[in-house]
Amino acid sequence: MKWVNHESHVEIYPPKEFKFTECLVFLGRSQEEVLHRIKDHYLYKLLLIQEEMILVKILEAEGIIKVEFPIVAPNNSKRIQVVNYIEEWFDFHSDLEGFYQMANEDQLLKRMAEKYYGLRMVGIPDLFEALTWAIMGQQINLPFAYLLKKRFVESYGNSLTFEGETYWIYPTYKEIAKVRVEDLRNLQFTTRKAEYIIGIAKIMVSGEITKEKLKHLEYHELHNQLMKIRGVGAWTAAYVMMKCFHQHSSFPIADVGLHNALKLQLGLENKPRIHEIKVMATNWEGWQSYATFYLWRSLYD
DNA sequence: ATCCAGGAACTGT
DNA sequence: ACAGTTCATGGA
């Protein structure tokens with residue numbers, strides 16, 4: 001991926017089929033989001049790079065992504081990691097030509113592919129965050145899931161305040177490995193969720209699970225390895241594979257949001273059944289995650 | 001009150 | 001393998 005280093009900022013040349021504003025719509029879907037802030041088409045996020053907190057301000061100007069550093073401009077080795085994070089966050093390494101070709105031939109996806117053209121899978125590069133955020137969202141309504149995340153982040157994450165706004169970094173597994181189930185219970189996590197999350201923190205501290213080890217695995221093997229983790233079922237594994245590992249074939253087919261989007265898009269009386277979704281999705285082969293993501297996006301219109 | 005939320009583990013067959 | 005049950009809380 002091409003990017004240019006300037007004294008005060010960095011420029012990233014995004015791939016084809018990318019619209020920053022479309023991604024901002026998705027990022028702005030919850031008012032309770034604490035891990036980034038959108039203000040006047042600027043996207044702010046606090047990153048932890050080599051033990052240093054770096055606030056980045058991201059904007060698009062003439063098709064180029066500019067990354068500014070409002071507080072302190074980091075050195076070059078840190079800038080490389082900032083760029084890597086942003087490229088992964090917006091799935092810059094994927095070629096979406098195949099997806100749009102497929103979607104153009106698909107009755108259901110055609111309209112959304114045109115409407116949200118340029119939307120890329122907004123990912124969660126950090127594996128601990130991807131896994132535990134998915135677990136927080138299991139079997140509860142989304143607003144409450146965001147509330148849990150907010151409490152979790154504000155209790156155990158690091159923060160920095162700049163010009164009156166506070167920016168947060170997701171808690172590290174190192175920190176959460178020391179937390180007790182009872183502590184998370186006080187934040188209104190269920191006992192199960194507290195156990196799952198702390199359990200994952202511990203196996204990440206031990207090095208048993210790392211993104212490095214998992215990212216080279218092939219689709220099915222990755223799915224199997226994720227499913228071995230307590231608290232991670234088929235839905236969570238699929239969610240993490242699409243949001244953290246950029247697996248385009250990943251398909252959380254049992255997802256309630258997906259069902260609601262399909263019901264709405266197709267004008268159905270009831271939510272579709274799994275076997276019906278399988279039929280609809282036969283053409284999506286290889287791009288199920290993007291199909292799902294665009295359907296999720298359709299819920300925020 | 002009753003049902004449903006971006007499910008998963010556990011239990012019994 | 002598969003279905004039914006339990007977990008727990010907020011919102012409609």
Side-chain angles (χ1 to χ4, degrees), chain A residues 25-35 112 116 119 121-124 127 129-153 155 170 180-203 209 220 223-245 247 250-265 268-278 280-281 284 288-301:
Chain A
V25 172
F26 185 81
L27 284 166
R29 68 197 180 285
S30 172
Q31 298 303 310
E32 302 302 315
E33 180 59 67
V34 284
L35 297 177
M112 283 181 283
Y116 311 134
L119 172 65
M121 174 72 57
V122 178
I124 304 177
L127 178 59
E129 180 187 338
L131 281 166
T132 52
W133 164 235
I135 286 168
M136 287 178 209
Q138 291 171 0
Q139 187 58 18
I140 55 172
N141 58 74
L142 223 36
F144 184 50
Y146 278 105
L147 180 60
L148 289 179
K149 179 165 93 166
K150 186 177 160 82
R151 289 178 183 155
F152 183 71
V153 170
S155 297
Y170 200 76
R180 297 167 305 166
V181 169
E182 185 191 326
D183 300 325
L184 295 186
R185 285 286 298 135
N186 290 334
L187 305 183
Q188 281 180 292
F189 285 65
T190 64
T191 305
R192 291 277 170 77
K193 286 187 181 178
E195 289 172 357
Y196 298 162
I197 288 166
I198 294 166
I200 286 170
K202 286 180 174 167
I203 59 174
I209 293 288
H220 289 98
H223 198 264
N224 287 341
Q225 292 299 320
L226 290 171
M227 291 267 287
K228 283 183 185 167
I229 301 170
R230 184 161 184 264
V232 178
W235 177 85
T236 302
Y239 182 88
V240 170
M241 285 169 71
M242 61 187 271
K243 298 283 278 189
C244 187
F245 290 101
Q247 294 273 342
S250 179
F251 193 19
I253 194 166
D255 180 76
V256 176
L258 173 68
H259 300 175
N260 286 333
L262 287 170
K263 181 185 165 197
L264 205 68
Q265 289 296 318
L268 305 175
E269 292 236 350
N270 299 102
K271 288 186 290 187
R273 295 173 178 282
I274 298 293
H275 68 269
E276 295 171 323
I277 300 174
K278 280 183 181 167
M280 300 175 203
W284 304 354
Q288 292 92 331
S289 72
Y290 261 85
T292 301
F293 194 63
Y294 272 57
L295 280 157
W296 283 348
R297 167 66 182 82
S298 74
L299 292 169
Y300 298 106
D301 276 336

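A, B, ... follow the sequence lines: proteins, then strands. Residue 1 opens every chain. This is a predicted model, so every value here is computed, not measured.
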Tell me if the centroids of the rings in A:W133 and A:Y146 come within less than 6.0 Å of each other.
yes
Tell me: CE of A:M136 to C1' of B:dG7, nearest whole Å?
15 Å
Show your reasoning for whether salt bridge (Lys or Arg N to Asp or Glu O under 4.0 Å) applies to A:E195 and A:R230.
CA-CA 9 Å; A:E195 289 172 357; A:R230 184 161 184 264; 3.2 Å; yes
Calculate the interatomic distance between A:I274 atom CD1 and C:dC2 atom P; express it in whole Å.
14 Å
When we call it a touch if two heavy atoms are under 4.0 Å apart, what does A:A234 touch: a base, just sugar-phosphate, or nothing?
sugar-phosphate
Every protein N/O lying under 3.5 Å from an N/O of nucleotides 3-5 of chain B:
residue : atom : partner : partner atom : Å
B:dA5   : OP1  : A:K271  : NZ           : 2.5
B:dA5   : OP2  : A:K271  : NZ           : 3.1
B:dA5   : N7   : A:Q139  : NE2          : 3.1

Contact class for A:I229 vs. all strands (heavy atom < 4.0 Å): base, sugar-phosphate, or nothing?
sugar-phosphate
Strand contacts (DNA chain C) in residues 190-197 of chain A, 4.0 angstrom heavy-atom criterion:
A:T190, A:T191, A:R192
With A:Q288, which residues qualify under side chain to side chain contact (heavy atoms under 4.5 Å, CB included), at least two apart?
A:S249, A:F251, A:W284, A:E285
Could you tell me the separation between the OG1 atom of A:T191 and the OH atom of A:Y196, rounded to the nearest 0.5 Å?
10.5 Å
Between P on B:dA8 and CD1 on A:I253, what's the gap in Å once rounded to a whole number?
14 Å
Could you grab the distance from atom CH2 of A:W296 to atom CG of A:L258, nearest 0.5 Å is fine?
8.0 Å
Using a strict cut-off of less than 4.0 Å between a Lys/Arg side-chain nitrogen and an Asp/Glu carboxylate oxygen, indicate whether A:E33 and A:K150 qualify as a salt bridge.
no
Given atom CZ of A:F144 and atom P of B:dG7, what is their separation to the nearest angstrom?
14 Å
note: A:W235, atom CH2; B:dA8, atom P; distance rounded to Å ~ 7 Å
Quickly work out the A:L148 CG to B:dG7 C1' distance and round it to whole Å.
14 Å
If the condition is side chain to side chain contact (heavy atoms under 4.5 Å, CB included), which residues does A:N270 pass it with, not counting sequence neighbours?
none
Nearest-Å distance once atom P is located in both C:dA8 and B:dT11:
14 Å
Once ring pair (Phe, Tyr, Trp, His ring centres under 6.0 Å) is applied, do any residues pair with A:Y290, and if so which ones, sequence neighbours excluded?
A:F99, A:H248, A:W287
Closer to the 5' end of DNA chain B via nearest nucleotide, is it A:P143 or A:M227?
A:P143
With sequence neighbours excluded, what pairs up with A:F26 under the ring pair (Phe, Tyr, Trp, His ring centres under 6.0 Å) test?
A:F293
Using OP1 and OP2 only, check whether a side-chain N or O of A:R185 sits under 4.0 Å from C:dT9.
yes
Between A:N186 (CG) and C:dA8 (P), how many Å, whole number?
14 Å
Nearest whole Å is fine: how far is C:dT9 C1' from A:Y146 OH?
18 Å
